[in-house]
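Worksheet for the structure shown next.
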2 protein chains.
Amino acid sequence: MRTLKYAILGLINRNSMTGYDLMKVFNLELVNFWYAKHSQIYPELKKLTDDGLITYETVLLGDKLEKKLYSITQEGRKDFLNWLAKQDQLEPTPKDIFRLKTFFIESMTREEMLKQFYYQLDQRKAKLKKLETSMSQHPYSKEISDIASPEYGDYIVLKGAIMREHTYIDWLKGCIKEIESFTKPHF
Amino acid sequence: MRTLKYAILGLINRNSMTGYDLMKVFNLELVNFWYAKHSQIYPELKKLTDDGLITYETVLLGDKLEKKLYSITQEGRKDFLNWLAKQDQLEPTPKDIFRLKTFFIESMTREEMLKQFYYQLDQRKAKLKKLETSMSQHPYSKEISDIASPEYGDYIVLKGAIMREHTYIDWLKGCIKEIESFTKPHF
DNA sequence: TCGCAACATGTCAATACTTACATGTTGTTT
DNA sequence: AAACAACATGTAAGTATTGACATGTTGCGA
């Protein structure tokens with residue numbers, strides 16, 4: 001579906017940037033809903049350049065280090081906006097290895113079940129904490145801004161990520177409670 | 001990470017089945033956390049057979065139609081149980097095109113924003129309704145069963161899917177409310 | 001000034017997954 | 001009897017993604 005293409009176009013549309021910048025944005029800001037390694041980004045940038053959707057100018061950093069600063073073209077912007085406005089069918093539900101393991105829970109001992117759930121819970125709690133830290137530092141949450149600002153998109157996807165993580169944690173806690181109630185000795 | 005391998009081993013461990021059966025299970029029961037097309041399943045079955053993790057016997061359906069009924073081997077079960085008990089690091093957050101588009105919301109008009117959010121909301125509501133129907137028909141939810149039954153895994157992942165969908169809907173509703181409050185004419 | 005982290009850009013092989021191609025049988029409905 | 005859905009199994013080409021290989025610069029701290 002060429003989603004990486006449009007993610008890159010959208011980011012370059014916001015600000016001109018290098019492949020390295022894109023890599024950082026993917027693995028910091030977008031990490032809650034999209035990401036890519038540099039080995040995928042650089043070939044895609046080349047392709048988009050060949051297709052005339054972006055252009056670059058070479059910028060020097062220091063004496064020798066050449067970096068390519070990419071900008072979007074008219075054609076690129078048109079393509080991006082067209083993708084953005086398109087109404088998509090629901091994607092397939094995302095894959096989730098932990099849920100898959102949970103499906104096979106009957107093949108675990110109760111000790112294994114609980115060990116898995118508690119480990120997952122710890123990790124999810126740590127992740128939620130990080131997200132909440134990001135939120136507390138987010139410019140949009142500090143002052144009521146306009147929905148037409150780039151920070152607004154940032155802000156609502158972060159809010160969504162926090163809600164998602166909260167729900168995962170609630171689900172884990174519910175499972176743990178249920179399993180423990182069955183684990184207790186019967187008399 | 002060979003997740004398809006373990007999903008298949010786990011299902012065949014529950015019951016012996018054919019590739020076609022696996023395909024149906026993937027796209028009905030597991031669809032909320034894993035799935036695969038038959039073009040991925042058949043080659044994987046061949047590989048697992050070659051590796052000695054599963055075996056098959058040919059069964060006739062009618063006069064001519066040969067189907068392969070796969071069963072797990074000792075080695076296969078051992079491999080599966082080992083995978084199941086392994087504690088995994090948190091997976092990267094699943095990719096989500098709608099959230100990506102939401103991130104770029106500033107490039108949309110207010111009408112486009114609302115059109116996108118309402119369309120997504122309709123689809124999510126329909127999906128939730130289906131999940132809730134499945135739940136109401138689920139054997140485990142009808143009678144309090146034991147957590148050691150295969151239905152229990154089924155039941156808790158379904159519960160998780162419903163919670164996840166509820167949260168997505170709540171997030172969408174929150175976004176819509178916020179956008180609409182900004183859309184109203186100022187005077 | 002040495003070492004190391006971060007900056008910067010690429011390729012290649014392998015894995016994962018999708019879409020289309022390809023074929024034939026069985027059961028049900030018209 | 002014809003048509004069609006569901007059963008049943010496979011391959012091939014292409015896209016998406018990962019992990020490893022490969023190389024060199026710049027800035028900072030010890």
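Computed from a predicted structure; not experimentally measured. Chain identifiers are assigned alphabetically (A, B, ...) following the order of the sequence lines, protein sequences preceding nucleic acid strands; residue numbering begins at 1 within each chain.
A:Ser39 contributes a side-chain N or O that forms a donor-acceptor pair with the base of D:dG19 under 3.5 Å.
Which of D:dC21, D:dT26, D:dA6 sits closest to the side chain of B:Tyr20 comes down to D:dA6. Looking at the side chain of A:Leu4, the nearest of the listed nucleotides C:dA20, D:dC7, D:dT17 is D:dT17. The listed nucleotides are C:dT26, D:dG27, C:dC17; the one nearest the side chain of B:Gln40 is C:dC17.
Among the atoms of the strands shown, none is found under 4.0 Å from any heavy atom of B:Lys46. Contact annotation for B:Met1: backbone-only contact, meaning every heavy-atom pair under 4.0 Å involves sugar-phosphate atoms and none involves a base. Across all strands shown, B:Tyr35 has heavy atoms under 4.0 Å from sugar-phosphate atoms exclusively, and none from any base.
Per the geometry, CD belonging to A:Glu66 stands 13 Å off P belonging to C:dA8, to the nearest Å. Between the P atom of C:dA8 and the CG atom of A:Leu69 lies a distance of 10 Å, rounded to the nearest Å. Atom CE of B:Met17 and atom P of D:dT9 are 12 Å apart (whole Å). Computed from coordinates, the B:Leu65 CG to D:dA6 P distance equals 16 Å when rounded to whole Å. Atom CG in B:Asn27 sits roughly 12 Å away from atom P in C:dT19 (whole-Å rounding). Between A:Lys47 atom NZ and D:dA16 atom C1' there is a gap of 10 Å when expressed in whole angstrom units. Nucleotide C:dA16 holds its C1' atom 16 Å from the OH atom of B:Tyr6, rounded to whole Å. Atom CD of B:Gln89 and atom P of D:dT18 are 17 Å apart (whole Å).
Taking side-chain N and O atoms only, A:Lys37 has no distance below 4.0 Å to OP1 or OP2 of D:dT17. Of the side-chain N and O atoms in A:Lys68, one or more sit less than 4.0 angstrom from OP1 or OP2 of C:dG10. The phosphate of C:dC17 has OP1 or OP2 within less than 4.0 Å of a side-chain N or O from A:Lys95.
Comparing B:Lys64 and B:Arg2 by the nucleotide of DNA chain C whose heavy atom lies nearest to each, the residue mapping closer to the 5' end is B:Arg2. Between B:Pro43 and B:Asp21, the residue whose closest nucleotide on DNA chain D is further toward the 5' end is B:Asp21.
Atom NE2 in B:His38 sits 7.5 Å away from atom CE in B:Met23 (nearest 0.5 Å).
For B:Phe26 and B:Tyr35, the gap between ring centers reaches or exceeds 6.0 Å. Checked against a 6.0 Å centroid threshold, the rings of A:Tyr140 and A:Tyr152 count as neighbours.
With a 4.5 Å cut-off on side-chain heavy atoms, B:Leu158 and B:Ser134 count as touching.
Using bins of under 30°, 30° to 60° and over 60° for the plane-to-plane angle, the ring pair A:Tyr155/A:His138 lands in the tilted bin.
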